[in-house]
Amino acid sequence: MKGQGHLVEARLSPFLYIFIIFSILAIFVLIAAGLIMRYLKSMRLSKKWIEKQKSQETTFQNVRNLSREAELTKAERSFLWNLCHKFHAPNIAYLYRNTKEIDELFLKEYNFLREENAGEEKISLLFETRYKLEKLHYKKLQLKSTRGLRPGTEFSYKDVRSRIWTMELIENNELSLKLLMPKGMVESGCIPEKLSRVSLSFTLQNKLTYKIITRVIRYEQNNNLDNILVVTVSDIVHLMAKRKSKRIETKTGCFFSAVKVDEVNGKKQFNVLKKKYPGFLQDISSSGCKVLCPIPIKKDQFAQFYIKIEDAPEFEATGRIVVTTKAQDEKNYVLHIEFVKISLEAKNHINTIVFGYNKKEDSVHT
């Protein structure tokens, strides 16, 4: 029996050795694969590799991947591919992050389409594609904390009477934000209580708007007796929904008329009344605008707006009042308007100004 045991062990030994050898080889292969993957990853993160990728001409796969990220429609994806192919654009996966270079590319096509009288639909498709790429770029630059905000950043606070007050950041330290309050805010009696939680919003230079929930620490005055609101810093910053269209601030007079809405066969008919009222345009996009006026037009009412901005021809647009707030001067009202009826030509004129294509010159066409 003892001899048989040694015989079995002798037979098993080669298989055991083979198993051990293969196990060791497998471990070495896994270690080698891990080292190779790490090396390839480091190569992809190297400046030299990235610069090489940037300089390569855009492929259809580059466009397809970016279109998926930016949620482009088929028409927009096709437009982007034709644009990149036409001008031999460098890798669009990197190019769209460079505002100057991507605008130069789109401006070439914009000028070409205008010169060829290609039609308003193609111009509109250009702006829609450009804005989606811009939103994707800014989304990846999303702010994580208020700690890096610079003095001069404007914060908005909506009080219990729905008035919006604009405050300026004058100091940002590790523990608090100091906000310069506008005249009349303290006197309004609608300021948040000490130690209470408060919702504030602010917009950066890239036009992204953020919302924070912070807490009032105290109120104080500076040497000029200006009122200052001191609130806690916040590491919880929420990106607010990006607007349908890119907008630009402006200071332009405008006029508007009341609109009577009738329903005929289930469809709304807008009948514009003759009398015109003056207003002051504060910002505008191809999908809406903000107007300061002395008339408290209620939410969901309609008005016809007559607008002329910069070198664009005057246009008309029917708008629905989305929100009405009282201005800080207590005399006027701020109307937030959504356009419900506006020509495609007018939209394109607005976008031309919003994107600054009316001020840029580019004579390169290939």
Side-chain angles (χ1 to χ4, degrees), residues 54 56-142 206-209 239-248 284-289 315 317-320 322 337-358 360 362 365-366:
K54 284 182 179 180
Q56 291 181 351
E57 189 170 324
T58 296
T59 65
F60 182 71
Q61 189 61 45
N62 295 146
V63 172
R64 176 182 288 177
N65 293 340
L66 184 60
S67 298
R68 192 180 298 114
E69 276 195 278
E71 299 182 352
L72 300 187
T73 64
K74 287 184 178 180
E76 291 163 351
R77 184 183 68 184
S78 178
F79 170 83
L80 183 60
W81 167 239
N82 291 333
L83 174 65
C84 293
H85 184 67
K86 178 180 179 179
F87 294 107
H88 305 285
N91 197 336
I92 191 66
Y94 296 91
L95 184 67
Y96 86 97
R97 305 174 196 176
N98 188 315
T99 302
K100 181 177 181 295
E101 292 184 5
I102 191 69
D103 268 333
E104 287 176 354
L105 176 64
F106 272 76
L107 183 58
K108 288 179 184 179
E109 183 66 4
Y110 172 82
N111 287 336
F112 175 81
L113 293 175
R114 283 298 188 197
E115 290 174 6
E116 294 295 316
N117 295 316
E120 299 299 335
E121 289 81 7
K122 289 186 178 179
I123 298 289
S124 177
L125 185 62
L126 178 145
F127 285 124
E128 288 169 2
T129 306
R130 176 67 189 96
Y131 186 50
K132 285 188 177 181
L133 294 183
E134 182 178 282
K135 287 195 293 183
L136 176 63
H137 174 49
Y138 288 144
K139 182 180 179 180
K140 292 189 175 183
L141 297 177
Q142 185 172 339
N206 58 20
K207 304 304 179 183
L208 289 184
T209 300
L239 177 64
M240 298 179 70
K242 190 71 175 169
R243 298 180 186 273
K244 293 180 181 178
S245 308
K246 184 174 181 176
R247 64 181 53 216
I248 188 174
I284 189 168
S285 74
S286 61
S287 60
C289 63
F315 67 89
T318 304
R320 179 178 69 90
V322 179
I337 298 114
E338 175 190 20
F339 293 144
V340 295
K341 186 179 179 182
I342 181 174
S343 70
L344 191 58
E345 182 181 9
K347 283 187 173 185
N348 288 337
H349 281 308
I350 294 171
N351 278 325
T352 300
I353 292 170
V354 169
F355 282 92
Y357 289 1
N358 61 322
K360 298 174 182 176
D362 196 318
H365 300 290
T366 58

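Annotation: the span from E134 atom CD to F355 atom CZ amounts to 5.5 Å, rounded to 0.5 Å. Atom OG1 of T59 sits about 6.5 Å away from atom CG of N91, to the nearest 0.5 Å. From K246, atom NZ reaches atom CD1 of I353 across 13.0 Å, with rounding to the nearest 0.5 Å. To the nearest 0.5 angstrom, T73 atom OG1 is 7.5 Å from E128 atom CD. Between the CD1 atom in I102 and the CG atom in L107 there is a gap of 11.5 Å [rounded to 0.5 Å]. With values rounded to the nearest 0.5 angstrom, S287 atom OG is found 9.0 Å from I342 atom CD1.
I92 is not listed as a side-chain neighbour of L83, based on a closest heavy-atom distance of 4.5 Å or more. Side chains of E76 and L125 form a contact here, defined as non-hydrogen atoms less than 4.5 Å apart. For the pair L80/K132, no side-chain contact is recorded, criterion being any heavy-atom separation below 4.5 Å from C-beta on. Residues F112 and K108 fail the side-chain proximity criterion, which asks for heavy atoms closer than 4.5 Å. Annotation: side chain of E109 is in contact with side chain of F87 (closest heavy-atom distance under 4.5 Å).
Without hydrogens or angle criteria, S78 side chain to K74 main chain gives no donor-acceptor distance under 3.5 Å.
E120 and S124 share no donor-acceptor pair across their side chains, judged by distance under 3.5 Å alone. Side-chain contact, S245 with S285: no donor N or O sits under 3.5 Å from an acceptor N or O. With 3.5 Å as the limit, one finds no donor-acceptor pair spanning the side chains of Y357 and N351.
Nearest heavy-atom pair across E101 and L95 is OE1-CD1, 3.3 Å. Nearest heavy-atom pair, L239 versus T209, reported as atom, atom and distance to 0.1 Å: CD1-O, 3.6 Å. In this structure, I350 and I284 approach most closely via the heavy-atom pair CD1-CD1, 4.0 Å.
Taking the six-membered ring for Trp and thresholds of 30 and 60 degrees, W81 and F60 have ring planes more than 60 degrees apart, a perpendicular arrangement. Between F79 and F106, the angle of the ring planes lies from 30° to 60°, which puts this pair in the tilted group.
Identified under the salt bridge (Lys or Arg N to Asp or Glu O under 4.0 Å) test for residues 338-349, with sequence neighbours left out: K244-E338, R320-E338. Applying the salt bridge (Lys or Arg N to Asp or Glu O under 4.0 Å) test to every pair with at least one member in residues 57-71, sequence neighbours left out, gives these pairs: E69-K140.
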(message) S286 vs F339, test: side-chain contact (heavy atoms from CB on, under 4.5 Å). Steps then yes/no.
(response) CA-CA 8 Å; S286 61; F339 293 144; over 6 Å; no

(request) Let me see the working for R130 and L133 under side-chain contact (heavy atoms from CB on, under 4.5 Å), right down to the final yes or no. (result) CA-CA 5 Å; R130 176 67 189 96; L133 294 183; 4.1 Å; yes

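For the pair E104 and K100, the salt-bridge criterion is met [side-chain N within less than 4.0 Å of a carboxylate O].
When each of N82, V63, L66 is paired with R77, the side-chain contact (heavy atoms from CB on, under 4.5 Å) condition holds for V63 and for no other.
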